[in-house]
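Chain letters run A, B, ... following the sequence lines, proteins first and then strands; every chain starts at 1.
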Amino acid sequence: MPELPEVETIRSALAPGLTGRKLERVEILDPRLTRPEPPELVAAALERERVSAVRRRGKYLVVVFESGRHLLVHLRMTGNVLHPAPDGHENDLHVRAVVRLDDGSDVVYHDVRRFGTWELLEPGELKEYFAVRRLGPEPLGRAFTAASLGGALEGRRAPVKAALLDQRAAAGVGNIYADEALWYARVHPLTPAGELDEEQVAALRDGIRKALRLGIRRQGASVRNYRGADGLRGRMQDEFRVYGRDGEPCERCGTAIVKTRAGGRGTWYCPSCQPGD
DNA sequence: CCCCAGCCCTGGTCGC
DNA sequence: TGCGACCAGGGCTGGG
């Protein structure tokens, strides 16, 4: 479940080793990785491309090539990009692609559950790609304000938790950071999104940024099998205020954290600090 | 348009 | 020890 902080952690670890390198050989082992385009087409197109930057947009890793093409890597649930390649990756069933760089090192794409995707965009297609998907503002950028969040939530009857998982509100917020943000903001996750008052929307905007910034500082959350590109675990799981903590005391008030469901996802909150429903 | 259920996918856990 | 049921969830599709 790499969300914005996990993807940003991977991006920042990859950028120094990939920037300026040429892709010499691209081996795509999982035919589903590049759907709908066949993997051999994407692999052939990628070979001899030179990386000019490694960026991130929401939960997408964006590899920028000098040709103007972009490779969009979405890790979904269990995807990861490792560089340099860890020992023994040749025998790892879950390695879905290997890219040899012109310095002789390998980049390994690893994904147990195979939800992750690679999409190669031609020059100039990136903006349209994100526009079609109506990807919202970067939550750590200037465009993400209480007003922009309020606009995204306005009139919506869905639980605010579900509205946060919708990438139109803020790009990159997933299940973990949505719960953490709601706790910081003292907002009940099942509150209809459109019913939040101005003060709550402002608190939620701040809570989202607080949770994401903490996640980046801690190099992501290593729950289940997430690892950074360097293979190291993040430490954000030690900072969880509510996520996965049902039955444990809320650090603000001592009340036991409760688990419920919202937007089809496991959702944790403090029934005392986050009143309502 | 909104909202939600179902789908994709595999590994880990739980009950029997 | 084995086996089946169930759960984890990001983003997309399809139905109401």
Legend entry - salt bridge (Lys or Arg N to Asp or Glu O under 4.0 Å) partners of residues 196-223 of chain A, not counting sequence neighbours, each pair once: A:Arg218-A:Glu239
Inset, instruction - Write out all pairs satisfying salt bridge (Lys or Arg N to Asp or Glu O under 4.0 Å) with one or both partners inside residues 9-22 of chain A, taking only residues at least two apart or from two chains. - result: A:Glu8-A:Arg11, A:Arg21-A:Asp102
Legend entry - Pair of N/O donor and acceptor under 3.5 Å linking C:dG9 base with A:Arg113 side chain: yes
Taking only N/O atoms, report every protein-nucleotides 12-16 of chain C pair under 3.5 Å with atom names and distance.
residue: C:dC12; atom: OP1; partner: A:Arg133; partner atom: NE; Å: 3.3

Return the value, rounded to whole Å, for the distance between atom [atom1] of [X] and atom [atom2] of [N].
X	N	atom1	atom2	answer
A:Arg96	B:dC8	CZ	C1'	13 Å
A:Leu75	C:dA8	CG	P	21 Å
A:Asp111	C:dA8	CG	P	19 Å
A:Leu93	B:dT10	CG	P	11 Å

Results of ring-ring contact (aromatic ring centres under 6.0 Å, His included) for [X] - residues two or more places apart only:
X	answer
A:Tyr109	A:Trp118
A:Phe240	A:Tyr243
A:Phe144	none

Legend entry - Toward the 5' end of DNA chain B, by each residue's nearest nucleotide, A:His94 or A:Gly263: A:Gly263
Listed partners of [X] passing salt bridge (Lys or Arg N to Asp or Glu O under 4.0 Å), at least two apart:
X	answer
A:Arg245	A:Glu248
A:Glu27	A:Arg25
A:Asp103	none

Inset, instruction - State yes or no: are the ring centers of A:His188 and A:Tyr269 separated by less than 6.0 Å? - result: yes
Inset, instruction - Output the single nucleotide from C:dG11, B:dG11, C:dG9 whose closest atom is nearest the side chain of A:His74. - result: C:dG11
Inset, instruction - Looking only at side-chain atoms of A:Lys59, point me to the closest of C:dG10, B:dG11, C:dA8. - result: C:dG10
Inset, instruction - Would you please determine if the base of C:dG10 is stacked by A:Phe115, with stacking meaning a centroid separation under 5.5 angstrom and planes under 30 degrees? - result: yes
Inset, instruction - Inspect the contact between A:Arg100 and A:Asp106 and indicate whether a charged nitrogen and a carboxylate oxygen are less than 4.0 angstrom apart. - result: yes
Inset, instruction - Please list, by residue number, the residues of residues 150-180 of chain A whose heavy atoms come closer than 4.0 Å to an atom of DNA chain C; answer none if no residue qualifies. - result: A:Gln167, A:Asn175
Pairs under 3.5 angstrom only: tabulate donor-acceptor contacts from the side chains of residues 81-89 of chain A to other protein residues two or more places apart or in another chain.
residue: A:His83; atom: NE2; partner: A:Ser105; partner atom: OG; Å: 2.8
residue: A:His89; atom: ND1; partner: A:Pro86; partner atom: O; Å: 3.1

Inset, instruction - Starting from Watson-Crick (N1-N3 plus N6-O4 or O6-N4) and G-U wobble pairs under 3.5 Å, report the runs of at least three that DNA chain B belongs to. - result: B:2-16 with C:2-16
Legend entry - Row check, A:Phe130 ring normal vs A:Arg57 NZ/CZ: under 6.0 Å, within 45°: yes
Legend entry - N or O in side chain of A:Lys259 less than 4.0 angstrom from C:dC7 OP1/OP2: no
Inset, instruction - Determine: side-chain N/O of A:Tyr243 to OP1/OP2 of C:dA8, distance under 4.0 Å, yes or no. - result: no
Inset, instruction - Looking at every strand, decide which applies to A:Gly264 at a 4.0 Å heavy-atom threshold: base, sugar-phosphate, or nothing. - result: nothing
